[in-house]
Amino acid sequence: MATMPKSVIIVGGSIAGLLQGIYLKRHGANVIILEQDPNPRRSNHNAGICFGPSVQEFLRLYNDTGIQACQPAVVTRLTFRQNLYWRDTGIVRHLTSWGVLYQILRANFDGLASDAVTIPPPARAGDGQCSYLPGQRVTSMQKTLDGVVVGYLGEDGKERCSVADLVIGADGLHSTVRGLLNAPVVKEYAGYVSWRGTVCEAKVSPETARYFQDRTVLSLLKRTYIVCYIIPPDSGSFVPGTRLINWVWYCNLSETPETNFAELLTDTNGHLHANTVPSGLVRAEIWKSHLAHMLPLIPGPFAELFTQTEQPFITKVNDALCSKATFFDGRVLLVGDALATFRPHFALATEQAARHCLGLARVWKGEITLQLWEREAVDHATKIWLGSRVMGAGLLRGWVEFLLLAWKYVVFFCKIKTRLE
């Protein structure tokens with residue numbers, strides 16, 4: 001059985017890395033987080049995220065800020081073409097912004113003060129030491145008798161190394177740790193992009209603000225769809241009128257010269273981005289051209305959001321699935337998006353990260369083996385990875401791709417059922 005490590009290096013300082021860091025710190029481990037982004041406070045783009053039961057349980061146990069982290073959307077509304085009131089369901093979703101959750105986690109991990117958490121909580125008795133090091137790019141990893149040696153390059157150009165009992169790769173879709181380990185991974189562009197943006201409630205008409213209040217809205221159009229919901233700004237305010245209406249618009253786009261794909265990902269400075277053109281860097285003519293082509297198809301409240309959005313951003317939708325989560329005899333682990341990145345239709349990335357954290361807690365307590373955690377983590381990731389592909393195909397890609405992926409989903413479930421019998 002694995003035991004609680006005394007020293008840990010976490011590669012990646014986003015949500016998955018911070019969840020792991022807080023848990024391990026709370027249980028006496030000394031934790032270093034190495035984050036490649038040189039900014040000591042990660043940029044959030046005002047992106048929205050959804051809380052599942054694992055996230056809520058983690059915060060109940062380990063969040064000492066007392067700050068409200070999310071709010072419920074008590075209805076999920078489906079619109080179809082121009083029918084704005086097609087279906088209302090009782091599906092409840094707990095929603096927040098990436099930035100607010102990040103600030104809460106940083107306050108608990110290393111005491112970072114921020115707009116949302118102006119007075120971070122003190123350390124608990126028994127907490128381990130911790131540090132968050134931005135601008136550190138991991139370059140090597142080697143197993144030794146004493147643990148794992150991690151080499152990393154700082155912004156000053158100096159190569160450094162540290163040794164830890166355990167290394168956790170929590171560095172996302174384009175994981176450096178996964179690459180250094182030559183981990184088996186399937187990685188693919190989905191064939192569509194997501195346009196994203198936010199608008200303050202106060203900037204839209206009262207009718208539009210009421211339409212999106214307290215609900216998640218999915219607008220189903222012809223081979224494109226939109227998701228809208230309300231999130232807090234960086235200040236963490238959930239007061240009506242101060243909040244943001246967050247929207248995500250999925251659109252098919254093949255990587256061919258005919259679609260001017262490279263033009264779409266070239267920013268205002270002429271830089272070609274590999275995946276995301278950040279907020280504030282999308283060329284105005286690109287966004288205006290997209291709106292001119294699509295806006296006649298968009299129902300009124302959604303069209304108002306798009307025309308009021310000042311700084312949209314665009315991201316290629318990719319996914320990845322690694323079939324192995326433990327390496328170096330259990331001394332290196334992959335968690336969160338580094339293990340599996342889903343197409344975002346189910347909004348389960350944060351839930352997966354918390355699930356991994358709480359699952360590993362059972363390992364450190366001796367309740368399950370690391371091998372059993374790995375099997376459960378990979379099986380769960382495969383199920384969501386396949387399911388998100390099925391949903392994306394059904395809403396965006398057409399019947400042929402939908403049926404093919406649905407068949408793969410069924411085959412996977414049959415294999416799991418056979419193994420468990």
Gap between atom [atom2] of [Y] and atom [atom1] of [X] - 0.5 Å precision:
X	Y	atom1	atom2	result
Thr309	Leu305	OG1	CG	6.5 Å
Leu370	Leu333	CG	CG	5.5 Å
Met141	Leu180	CE	CG	5.5 Å
Thr382	Phe413	OG1	CZ	10.5 Å
Gln352	Cys357	CD	SG	12.5 Å

Just to verify, what does [X] make a salt bridge (charged side-chain N to carboxylate O under 4.0 Å, His left out) with, not counting sequence neighbours?
X	value
Asp329	Lys143
Arg87	none
Arg178	none
Asp110	Arg106

If you measure from the Lys or Arg side-chain nitrogens to the Asp or Glu carboxylate oxygens, is any gap between [X] and [Y] under 4.0 Å?
X	Y	value
Glu376	Arg355	yes
Arg389	Glu188	yes
Arg283	Glu263	yes

By the definition ring-ring contact (aromatic ring centres under 6.0 Å, His included), identify the one residue from Trp249, Trp247, Phe212 that meets it with Phe302.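 With Phe302 as partner, ring-ring contact (aromatic ring centres under 6.0 Å, His included) holds for just one option, Phe212.
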Examine the side chains of [X] and [Y] and answer whether a donor and an acceptor come within less than 3.5 Å of each other.
X	Y	answer
Asp127	His27	no
Ser162	Tyr152	yes
Trp98	Thr350	no
Ser219	Thr79	yes
His174	Lys187	yes
Thr242	Glu201	no
Thr65	Asn63	yes

Applying side-chain hydrogen bond (donor to acceptor under 3.5 Å, both in side chains), name anything that partners Glu401, two or more places apart in sequence or on another chain.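 With neighbours one apart ignored, the set is Arg397.
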Counting neighbours of CD on Gln142 that are heavy atoms of other residues, nucleotides or ligands and sit closer than 6.0 Å, is the number greater than 12?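 No.
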Residue Gln129 excluded, over 12 heavy atoms near CD under 6.0 Å: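 No - once you tally the heavy atoms of other residues, nucleotides and ligands closer than 6.0 Å, there are 12 at most.
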To check you understand the geometry: which heavy-atom pair defines the closest contact between [X] and [Y], and what is its length?
X	Y	result
Val148	Val332	CG2-CG2, 4.0 Å
Leu145	Arg331	O-NH2, 4.4 Å
Ala262	Thr266	O-OG1, 2.7 Å
Cys322	Ala338	CB-O, 4.5 Å
Leu321	Ala340	CD1-CB, 3.9 Å
Glu374	Thr326	OE2-N, 3.0 Å

Please name all residues satisfying side-chain contact (heavy atoms from CB on, under 4.5 Å) with [X], sequence neighbours left out, ordered by chain then number.
X	answer
Val411	Trp407, Lys415
Glu35	Asp37, Arg42, Tyr132
Val92	Pro72, His94

For Tyr102, does the six-membered ring have the charged nitrogen or CZ of Arg41 within the cation-pi criterion, i.e. under 6.0 angstrom from the centroid and within 45° of the normal?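 No; the conditions do not both hold, so Arg41 does not lie above the ring face of Tyr102.
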Stepwise salt bridge (charged side-chain N to carboxylate O under 4.0 Å, His left out) test for Arg210 and Asp214: CA-CA 9 Å; Arg210 281 195 298 271; Asp214 298 328; over 6 Å; no
Between Tyr189 and Phe261, ring centroids under 6.0 Å: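 They qualify: ring centres under 6.0 Å apart.
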So Val410 and Cys414, do their side chains get closer than 4.5 Å, heavy atoms only?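 In short, these two side chains touch, coming nearer than 4.5 Å.
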Run the numbers on Phe306 and Leu291 for side chain to side chain contact (heavy atoms under 4.5 Å, CB included), then give the verdict. CA-CA 8 Å; Phe306 299 151; Leu291 279 185; 3.7 Å; yes
Can you list every salt bridge (Lys or Arg N to Asp or Glu O under 4.0 Å) pair that touches residues 47-69, not counting sequence neighbours?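 Qualifying pairs, neighbours excluded: Arg26-Asp64, Glu57-Arg60, Asp64-Arg124.
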The criterion is ring pair (Phe, Tyr, Trp, His ring centres under 6.0 Å); which residues satisfy it with Phe51, sequence neighbours excluded?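 Residues passing ring pair (Phe, Tyr, Trp, His ring centres under 6.0 Å) with Phe51: none at all.
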Residues 14-23 side chain polar contacts: donor-acceptor under 3.5 Å, at least two apart:
none

One pair to check against side chain to side chain contact (heavy atoms under 4.5 Å, CB included): Ile32 and Val8. What are the steps and the verdict? CA-CA 6 Å; Ile32 297 172; Val8 183; over 6 Å; no
Check: Tyr211 main-chain N/O paired with Arg215 side-chain donor or acceptor under 3.5 Å: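 Answer holds: yes.
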Using residues 190-197 as the side-chain source, report each donor-acceptor pair under 3.5 Å to any protein atom, sequence neighbours left out, with the distance given to one decimal.
unit_1: Tyr192; atom_1: OH; unit_2: His345; atom_2: NE2; d: 2.7
unit_1: Ser194; atom_1: OG; unit_2: Arg196; atom_2: NE; d: 3.4

Decide side chain to side chain contact (heavy atoms under 4.5 Å, CB included) for Leu264 and Ile314; before the verdict, give the C-alpha distance in whole Å, the side-chain angles of both, and the deciding distance to 0.1 Å. CA-CA 8 Å; Leu264 193 72; Ile314 185 171; 3.2 Å; yes
Show, in sequence, the C-alpha distance, side-chain angles and deciding distance for Lys6 and Asp165, and conclude whether the salt bridge (charged side-chain N to carboxylate O under 4.0 Å, His left out) test is met. CA-CA 7 Å; Lys6 294 180 180 178; Asp165 298 332; over 6 Å; no
Given the rule in the side chain to side chain contact (heavy atoms under 4.5 Å, CB included) test, do Glu255 and Lys316 qualify, once you have shown the distances and angles that lead to the verdict? CA-CA 10 Å; Glu255 288 186 290; Lys316 288 173 62 178; 3.0 Å; yes
